[in-house]
Protein chains: 2
Amino acid sequence: MSDAVDAIVGQWEKERPELRDDLWPVQLIARVQRMNRVLDREAKVFCAKHGVEWGEFDVLTTLRRSGPPYALTAGAFLKAAMVTSGAITNRIDKMEAKGLVERVRDGADRRTVRIKLTEHGKQLTEVLMADHLNRYARLLGDLDPAEVDAAAGLLRKFLEQQGDTSIT
Amino acid sequence: MSDAVDAIVGQWEKERPELRDDLWPVQLIARVQRMNRVLDREAKVFCAKHGVEWGEFDVLTTLRRSGPPYALTAGAFLKAAMVTSGAITNRIDKMEAKGLVERVRDGADRRTVRIKLTEHGKQLTEVLMADHLNRYARLLGDLDPAEVDAAAGLLRKFLEQQGDTSIT
DNA sequence: TGCTTTTATCTCAACGTTGAAACTTTCAGT
DNA sequence: ACTGAAAGTTTCAACGTTGAGATAAAAGCA
């Protein structure tokens with residue numbers, strides 16, 4: 001059994017044999033990158049079916065799981081979505097035009113803008129989530145659950161070390 | 001110990017308890033996505049230090065590990081880099097301007113264009129690789145090698161299932 | 001030899017993200 | 001109150017990628 005990354009590492013071992021002992025991180029890192037690409041393409045197809053962008057779906061689910069009143073500040077999205085501020089403004093602009101969310105300036109701090117899920121947005125999210133999780137289960141369905149769990153645990157350690165510990 | 005993904009899953013369990021048994025794929029998939037983001041940022045900083053773009057570095061190493069004569073067709077890059085044809089054309093245009101690679105149309109099939117590493121490009125790549133692998137080792141250095149290996153193995157299975165089995 | 005299909009690459013407009021600068025509001029110190 | 005620093009968001013130009021279409025060459029077939 002071998003994948004594209006095995007081929008890549010094989011090439012290095014042949015071309016630069018002296019690097020042999022330094023290639024083990026490639027085995028994980030390159031696969032994380034390639035898996036991300038695969039997931040990304042899959043996600044875009046899924047979102048297109050439902051008429052939303054991948055980034056918009058991210059905003060919808062982030063709002064939905066935050067619980068009532070389904071409203072978060074723009075700043076909260078920066079960490080949750082791991083994108084820059086300009087991207088969030090852009091996403092919200094389009095989603096507001098679609099009627100999925102609305103901007104609410106509340107009195108407490110007039111710098112902040114709360115992004116709030118509209119009723120339409122909430123209903124769409126409920127529909128999307130079911131399909132979304134089915135899709136995930138299908139993608140990983142043929143893998144050993146215990147191994148998936150172990151791999152997730154290792155990635156958690158990496159992310160903790162890198163300080164990816166909070167979404168607020 | 002918990003990371004951002006634990007927080008996300010925790011929110012879902014609270015908001016939609018009935019989804020509890022369907023959230024296990026999120027534990028892996030969300031971490032692959034977030035780890036990819038972390039790696040991406042790290043890579044950009046690394047590349048900026050050496051005056052190349054992340055996509056350009058990818059082309060350089062792909063050529064280098066392919067072995068003499070360090071020349072590949074544009075099509076070969078599509079699968080290796082998992083990007084579209086327009087992106088490759090764009091990358092090669094810029095790298096040719098920098099003198100890192102050169103386009104060679106050889107007689108056999110005049111449709112194909114071989115992208116060839118220049119001497120300058122090759123020398124730069126040698127320098128970059130040492131730093132690159134040091135960086136990788138530092139990133140994963142605090143993790144248990146056996147666990148890294150196991151996680152890489154699981155991701156390999158996923159990628160095989162998704163047909164990511166060749167770079168040619 | 002003609003004709004169609006396939007393969008390989010390039011072109012280009014649309015798109016989303018980045019990152020720095022601008023803007024407004026709030027906070028802290030005096 | 002006043003002033004400077006900090007925080008939250010928006011603006012905007014530059015950038016790289018996408019994806020469909022164009023172009024050109026090769027292969028298959030009559």
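Every chain is numbered from 1, with letters handed out A, B, ... down the list of sequences. These values consider heavy atoms only, across backbone and side chains, with no hydrogens, waters or symmetry-generated copies. Nothing here was measured: the structure is a model prediction, and the numbers come from that model.
Residues satisfying the side chain to side chain contact (heavy atoms under 4.5 Å, CB included) test with B:K98, not counting sequence neighbours, are B:E56, B:L100.
The CE-P distance, from A:M82 to C:dT18, rounds to 11 Å in whole Å. One interatomic measurement links the two molecules: NZ of A:K79 to P of D:dA7, which rounds to 11 Å at whole-angstrom precision. One can place CG of B:D40 at 13 Å from C1' of D:dT17, the figure rounded to the nearest angstrom. Rounded to an integer number of Å, the gap from B:E56 CD to D:dT17 C1' is 14 Å. Taking atom CZ on A:R91 and atom P on D:dT9, their separation rounds to 15 Å, with Å as the unit.
Residues B:Q33 and B:R37 have side chains that never bring a donor and an acceptor to within less than 3.5 angstrom of each other.
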**OP:** List the steps, then state whether ring-ring contact (aromatic ring centres under 6.0 Å, His included) holds for A:H132 with A:F57.
**Re:** CA-CA 10 Å; A:H132 175 60; A:F57 177 65; 4.7 Å; yes
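Grouping the Ile, Leu, Val, Met, Phe, Trp and Tyr side chains by contacts below 4.5 angstrom, directly or via other members, places B:V32 with A:L154.
Under the 4.5 Å side-chain criterion, counting only non-hydrogen atoms from C-beta, B:R41 is not in contact with B:W54.
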**OP:** Quick one, give me the B/S/- string for nucleotides 2-15 of chain C, reading 5' to 3', where B means a protein heavy atom under 4.0 Å from the base and S means that only happens at the primed atoms, P, OP1 or OP2.
**Re:** -----BSSBB----
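Taking each heavy atom of A:T89 and A:R103 in turn, the nearest pair found is O-NH2, 3.6 Å.
A residue-by-residue look at A:R37 and A:L72 shows that A:L72 has its nearest nucleotide of DNA chain D further toward the 5' end.
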